[in-house]
There are 2 protein chains.
Amino acid sequence: MKEGPDIASIAALIGDPARANMLTALMSGKALTASELANEAGITLQTTSSHLAKLDDGGLIRQRKQGRHKYFSLTSDDVAHVLESLMGLAAGAGHLRTRTGPKDTAMRKARVCYNHLAGDMGIQLFDGLIARQHLVTDGKEPVLTETGQQFVVDFGIDLDALKAKKSPLCKECLDWSERRSHLAGSLGRAFMHRFEDLGWSTRDSASRVVRFSPAGEQDFNRLFGPVHHA
Amino acid sequence: MKEGPDIASIAALIGDPARANMLTALMSGKALTASELANEAGITLQTTSSHLAKLDDGGLIRQRKQGRHKYFSLTSDDVAHVLESLMGLAAGAGHLRTRTGPKDTAMRKARVCYNHLAGDMGIQLFDGLIARQHLVTDGKEPVLTETGQQFVVDFGIDLDALKAKKSPLCKECLDWSERRSHLAGSLGRAFMHRFEDLGWSTRDSASRVVRFSPAGEQDFNRLFGPVHHA
DNA sequence: CAAATGCTTCGGTTATCATCGAACTATGAA
DNA sequence: TTCATAGTTCGATGATAACCGAAGCATTTG
């Protein structure tokens, strides 16, 4: 009724089932066309157009014209973060829409959260970095240690390029399936990208599922898995 | 098409302006009554009641009856975190709301609530016991853990005598200045009594104010103050 | 007991908004 | 040019839900 940040209008945007489905689809990190989003939400193209205009107006999505197509994507990691948090709440409250299926277990194991790795393996990555003291979390956002910076560079990530950008290097993102933190931010994105470059993992084209090859998973566990003390 | 939790229903809950105002008001961490929330949202009590039922149904708030009042608060830090993120997206500053309770600073700090400690220090006692895992609250009334029982005995309280009585050992009591929980029940009374026996505190004869000696407050903070992680 | 206070339930009104059919614009292909 | 595909705009409809008045509980106070 009065002052303060208008969380109601933004939440209302997410609160419509059709729009929520579109946003969830965009959590894959891929840019999608209006038609694809219409299909995701199960509504006609006209209605979709109206929804997309509202989402754009609310600053939740960004659009790029390319030929006669129009590609839509989430505006920022912040938007993805809010959506992921909402999923956490919904999952905690027992508001799951679908019961556990084959795809669900794959989703829980490894999936993309906008542009970084989430699910069980996302948490392993995060915990593994911390266990090896490559990353420290003192209250606020995580920070790379000296050895951590060295490790990242050795792993084949151009750290200087990431630092040059203005977007935050490390961010925590709450996992809705595990209810624990995993690594987001530009470093999280870089890790995801590197895994694919190394051939460790591939993205499922139709969903958010990330599939690791047996060899890739083995390498992953060696570098990020639980630490065994002597 | 439909994967993951149902974020739409939860977002829709937050998406109504009246409910958003209530939730924002509850972000203070304090429990508020239905009437106060009605006032915050600028709607009648009937409508508020309906909204509160929906928020409760969605698992966003939790309610507690005390006397003829009903106090509402956010269910968890997770809820607060989502709201905070939404505010970030809405790109605005937070706003503080109604300030209620005793104006006397001494009363705010420490006072007697029937027979146990209330006010800021009462909350510190309660939070401190939980932070040290001496007390757990899983939905219902708090319960002493193994280490908690040992701690209580070591502190000089005759736990067996308390257990022998029929009155409940631990109860949560809502603080009317801080609007948060503190420890009541026979254990709460025992703590209060022990503080006085140890010479840590004395009761003001004319009011409900409890005065701690400097040394007593120091000891109190050592045992019940905030926990510092290594 | 009765009066007062705090909150809930019920019924009816109103306003909003998601939805689709149809018509329109824009880009690309034949 | 003509056709096809991608997306937008407009108008009408229908369902949902926010809202309040009035009456009903429940608890405390006098």
Side-chain angles (χ1 to χ4, degrees), chain A residues 1-2 6-26 30-58 60-73, chain B residues 1-2 6-26 30-58 60-73 98 100 113-114 173-174 176 179:
Chain A
M1 186 180 183
K2 290 207 308 186
D6 190 10
I7 69 173
S9 62
I10 295 218
L13 278 178
I14 309 173
D16 177 76
R19 286 193 293 259
N21 280 333
M22 297 184 200
L23 291 170
T24 305
L26 289 174
K30 293 192 299 188
L32 299 173
T33 66
S35 308
E36 288 170 325
L37 289 168
N39 191 42
E40 284 290 334
I43 52 178
T44 63
L45 194 53
Q46 307 96 288
T47 309
T48 304
S49 183
S50 151
H51 282 312
L52 289 172
K54 284 172 187 168
L55 287 173
D56 182 59
D57 207 50
L60 293 183
I61 61 173
R62 192 183 333 162
Q63 40 189 280
R64 291 191 305 272
K65 271 182 300 181
Q66 201 157 14
R68 62 178 162 178
H69 292 272
K70 210 165 178 181
Y71 286 96
F72 298 86
S73 54
Chain B
M1 165 165 73
K2 292 183 171 59
D6 181 12
I7 69 173
S9 63
I10 297 236
L13 277 178
I14 310 174
D16 177 77
R19 285 192 294 257
N21 280 333
M22 297 184 201
L23 291 170
T24 305
L26 290 174
K30 296 178 181 174
L32 299 173
T33 66
S35 310
E36 287 169 329
L37 288 168
N39 190 43
E40 286 293 333
I43 52 178
T44 63
L45 194 52
Q46 308 95 284
T47 310
T48 304
S49 183
S50 150
H51 282 311
L52 289 172
K54 284 170 186 167
L55 288 173
D56 182 59
D57 205 49
L60 293 182
I61 61 172
R62 111 179 198 272
Q63 43 188 269
R64 179 166 356 165
K65 231 171 138 181
Q66 188 147 313
R68 60 179 163 183
H69 293 270
K70 208 163 177 183
Y71 287 96
F72 298 86
S73 52
T98 52
T100 49
C113 174
Y114 189 39
C173 181
L174 204 58
W176 59 292
R179 296 298 176 81

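Per chain, numbering begins at 1; letters A, B, ... match sequence-line order. The basis for the numbers below is simple: all heavy atoms, side chains too, and nothing from hydrogens, waters or symmetry mates.
Atoms CD (E36(B)) and C1' (dT5(C)) sit 14 Å apart, rounded to a whole Å. Rounding to whole angstrom units, CG of residue D57(A) and P of dT8(D) are separated by 14 Å. Look at CG on L52(A): it is 15 Å from P on dA6(D), rounded to the nearest Å. Between the CD atom of Q63(A) and the P atom of dA6(D) there is a distance of 17 Å, rounded to whole Å. Between D56(B) atom CG and dT8(C) atom C1' there is a gap of 14 Å when expressed in whole angstrom units.
Residue K70(B) has a polar side-chain atom (N or O) positioned under 4.0 Å from OP1 or OP2 of dT8(C).
Two residues are said to be in side-chain contact when any heavy atoms from C-beta on lie closer than 4.5 Å; S50(A) and Q46(A) fail this criterion. Contact annotation: the side chain of T48(B) never approaches that of N39(B) to less than 4.5 Å [non-hydrogen atoms, C-beta and beyond].
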> How does each nucleotide of nucleotides 11-22 of chain D score, in 5' to 3' order, for protein heavy atoms under 4.0 Å: base (B), sugar-phosphate only (S), or none (-)?
Replying inline: -------SSBBB
>> For nucleotides 25-30 of chain D, give me one character per nucleotide, 5' to 3': B if any protein heavy atom sits under 4.0 Å from the base, S if the only such contacts are to the sugar-phosphate, - if neither.
In response: --BB--
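Nearest heavy-atom pair, S73(A) versus L26(A), reported as atom, atom and distance to 0.1 Å: CA-CD2, 4.1 Å. Minimum interatomic distance between A41(B) and N21(B) (heavy atoms only, all atoms of both residues): CA-CB, 4.1 Å.
Backbone-only engagement by T33(A) is indicated by non-hydrogen atom pairs under 4.0 Å involving sugar-phosphate atoms exclusively.
Under the side-chain hydrogen bond (donor to acceptor under 3.5 Å, both in side chains) criterion, T33(A) pairs with E36(A), not counting sequence neighbours.
T24(B) contributes a side-chain N or O that, together with a main-chain N or O of A20(B), makes up a donor-acceptor pair within less than 3.5 Å. Put simply, the side chain of R19(B) gets close to the backbone of A12(B): a donor and an acceptor are under 3.5 Å apart.
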>> Between I14(A) and L60(A), is the side chain to side chain contact (heavy atoms under 4.5 Å, CB included) condition met? List the steps.
In response: CA-CA 9 Å; I14(A) 309 173; L60(A) 293 183; 4.0 Å; yes
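Atom CZ in F72(B) sits 4.5 Å away from atom CG in L52(B) (nearest 0.5 Å).
Along DNA chain D, the nucleotide nearest to A53(A) and the one nearest to H69(A) differ in position, and the one closer to the 5' end is contacted by H69(A).
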